[in-house]
Amino acid sequence: MSQPVRKRGRWRPQLDRPALVALLFGLAGVGYRLVLTLCTVPVSNSDEATFGLAALHIAQGRELPVFLYGQRYMGMLESYLAAPLIAVAGPSWPLLRLPLLVLYALFLWLIHRLTRRICSPWFATGIVGLLALGGERVVRDQLTVVGGRPEVKVAVPLMLLIAVGLARGTVRHRRLAVGLFGLLAGVAAWSDWLILPYLAVAALVLLWVARRELLGVAGVLLLAGFAVGIAPMIRDNLLAPPGEDSLSVFREISTKAGPSPPWSRRLDGGLLEGVPLAAGLCPVDGCARWQGWFGLIYPVLLVVAAALAVVAYRRAAGTPRGERVDPVVHLALVVGAALTLLSYVRSPLAATSPLDNARYLSVLQLSLPAVLWPLWLAAVACWRGTVGALGRLAGALATAVLAALTATTLVVTVLFAVTGAGASRVEERQARELADRLRADGPREVYGDYWTCNRLIFNTAESVVCGVLDGDLTPGQNRYPAYWRQVGRAARPGYALEAGSAAERRLRELLGDRADAALVAEVGGYRVYHPQTPVRPWR
């Protein structure tokens, strides 16, 4: 066990061997991601730049956004965490991402503590080892500032640890702990609605643990904490114009008209593509058919884990709650994963665009201990020789699955670190070259596509402003309208377009014989045009 000891008047924690190995795994995972953060790998994009620009506005006292610019359902906590760093040192991708690295380290620590309490020490070490690995898909979800998931993955295990501590009587200030539970739930609900299934099951665990206490002061503190955490979202929705509140916007996005894919395609995209991608078993460009094996057995593991939790709970009947809370938490994690997966496969996006949307399953990492626990028990029983022939066969299969999972994750991680990171650095350098060229020589007001504009603005600390155009040179998705208006007022705006893109071809068509004369630079895969008279075909 890891426990505090006193020696000659000095207090220090003493780590046992599983905790020490877990610490080494955790340091390796954080160090690996620190190197990637300093190199801006994975590559930045305009979605992330929007959070960065919000952090800049917060740091300057210009804005206090509740939701991501241009939408009303993604909380901006990550921008607020980065704002102090941006205020001190200015816009920087590593500084923008540094709070997420801290959140990742907290997640490892909390998931280790939770797994150790409800499972076993060495199994908790193995979970940390798996989570320390990560190919591009996994690392992108952990390090890029695109909202929600890193912070909610810290909130849920902390909420469950509070519930476990309350059940076992190890929490000294019980009412304050319940209030903290509510605050974490409120902040998580504001940050990212994807976490709602886990918040629901965590709330049920708390209700099972402390239902009598919740009828008194503890219940009041729970509601007060939740109200404080979700207050930014409530206030914004009360002031929102009709039809622009979070529920209306989210409902509109979720129910867009179009053909509904069959369930077979949704299950294929959700299980055989989404689950392996979210687990880090595939490169970012997709899974080969053989790599879908983990997604195929994932529902089976959920069922087995749920059955095991129910059996353990029934065997502990009549014992104090502290001895029965472990299977309750196991079951909560299983149900949270099942609801998240069901919600994902119900969406047409699981079938039509599994590569782009597998990020929505990254919260399944919260349930990894519960999902893999039956495999670990079977493998340990087999190697200890405490089961019969059938048990040894099941244990051998479980050992093979765990070994395959670890080996595949390690290979994908190494391949990304060796080959994939280089491509990200090339793209990042090209974006930086474009920003440096425009900041030095102009033009300072330009039009570009969505994936160019906000990243360009962030890279130049708003010294260059960009308005978003679609491929046919009509107004695109301008998340922050002030930029669009500023470029619209420019007497002679420029155009920063990707070489060979549809937008560039359309611009050259409109310029005609003046196209070559208007081309002033070609840098980083982009072409910069600065015509004598503005080209605004939408006017």
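Counting only heavy atoms from C-beta outward, the side chains of Leu160 and Leu333 approach each other to under 4.5 Å. Leu372 places a side-chain heavy atom less than 4.5 Å from the side chain of Phe123. Contact of the Glu63 side chain with the Tyr69 side chain is registered, since non-hydrogen atoms from C-beta on lie closer than 4.5 Å. Residues Pro18 and Arg116 have side chains in contact (heavy-atom distance under 4.5 Å, counting atoms from C-beta outward). Between Ser260 and Arg266, some side-chain heavy-atom pair lies under the 4.5 Å cut-off. When side chains are defined from C-beta on, Pro232 does not count as touching Phe67, because their heavy atoms never get closer than 4.5 Å. Considering only heavy atoms from C-beta on, Val41 stays 4.5 Å or farther from Val35 through its side chain. Leu366 places a side-chain heavy atom less than 4.5 Å from the side chain of Phe107.
Listed by first and then second residue, the salt bridge (Lys or Arg N to Asp or Glu O under 4.0 Å) pairs involving residues 289-301 are Asp268-Arg289 (not counting sequence neighbours). Applying the side-chain hydrogen bond (donor to acceptor under 3.5 Å, both in side chains) test to residues at least two apart or on different chains, the pairs with a partner in residues 95-114 are Arg33-Tyr104, Glu48-Arg97. Listed by first then second residue, pairs satisfying side-chain hydrogen bond (donor to acceptor under 3.5 Å, both in side chains) with a partner in residues 159-181 read Arg168-Asp326, Arg174-Glu213, not counting sequence neighbours. Applying the salt bridge (Lys or Arg N to Asp or Glu O under 4.0 Å) test to every pair with at least one member in residues 367-378, sequence neighbours left out, gives no pairs at all. Screening residues 370-397 for side-chain hydrogen bond (donor to acceptor under 3.5 Å, both in side chains) gives Trp383-Thr399 as the qualifying pairs, with residues at least two apart or on separate chains.
No hydrogens or angles considered: a donor-acceptor pair under 3.5 Å links the side chains of Ser367 and Tyr198.
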Notebook entry, point to check: Going through the checks in order, is the side chain to side chain contact (heavy atoms under 4.5 Å, CB included) test met by Thr50 and Leu68?
Noted result: CA-CA 8 Å; Thr50 306; Leu68 179 63; 3.4 Å; yes
Margin query: Set out, in order, the CA-CA distance, both residues' side-chain angles and the distance that settles side-chain hydrogen bond (donor to acceptor under 3.5 Å, both in side chains) for Thr413 and Tyr32, then state yes or no.
Written below: CA-CA 10 Å; Thr413 301; Tyr32 163 56; 5.3 Å; no
Note to self: Could you go through Trp122 and Ile127, starting from their C-alpha distance and side-chain angles, then the distance that decides it, and tell me whether this counts as side chain to side chain contact (heavy atoms under 4.5 Å, CB included)?
What the structure shows: CA-CA 9 Å; Trp122 278 114; Ile127 291 296; over 6 Å; no
Margin query: Run the side chain to side chain contact (heavy atoms under 4.5 Å, CB included) test on Leu361 and Leu364 for me, step by step, so that the C-alpha distance in whole Å, both residues' side-chain angles and the decisive distance to 0.1 Å come before the verdict.
Written below: CA-CA 6 Å; Leu361 293 178; Leu364 292 181; 4.0 Å; yes
Next item on the list: Could you give me the CA-CA distance, side-chain angles and deciding distance for Gln365 and Val138, then say whether side chain to side chain contact (heavy atoms under 4.5 Å, CB included) is met?
Entry: CA-CA 10 Å; Gln365 286 183 339; Val138 170; 3.7 Å; yes
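Taking CG from Leu98 and CG from Leu34, the interatomic distance works out to 7.5 Å, rounded to the nearest 0.5 Å. Taking OG1 of Thr37 as the start and CG of Leu100 as the end, the distance is 8.0 Å to the nearest 0.5 Å. From Leu158, atom CG reaches atom CG of Leu183 across 10.0 Å, with rounding to the nearest 0.5 Å. The structure places OG1 of Thr115 at 4.5 Å from CD1 of Ile111, a figure rounded to the nearest 0.5 Å.
The neighbour count for Leu390 CG, taken as heavy atoms of other residues, nucleotides or ligands under 6.0 Å away, does not exceed 12.
A salt bridge does not link Lys153 with Asp192: every distance from a Lys NZ or Arg NE/NH1/NH2 to an Asp or Glu carboxylate oxygen is 4.0 Å or more.
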Quiz: residues 294-323 side-chain donor-acceptor pairs under 3.5 angstrom, not counting sequence neighbours:
unit_1: Tyr313; atom_1: OH; unit_2: Trp208; atom_2: NE1; d: 3.3
unit_1: Thr319; atom_1: OG1; unit_2: Ala316; atom_2: O; d: 2.4
unit_1: Arg321; atom_1: NH1; unit_2: Trp208; atom_2: O; d: 2.8

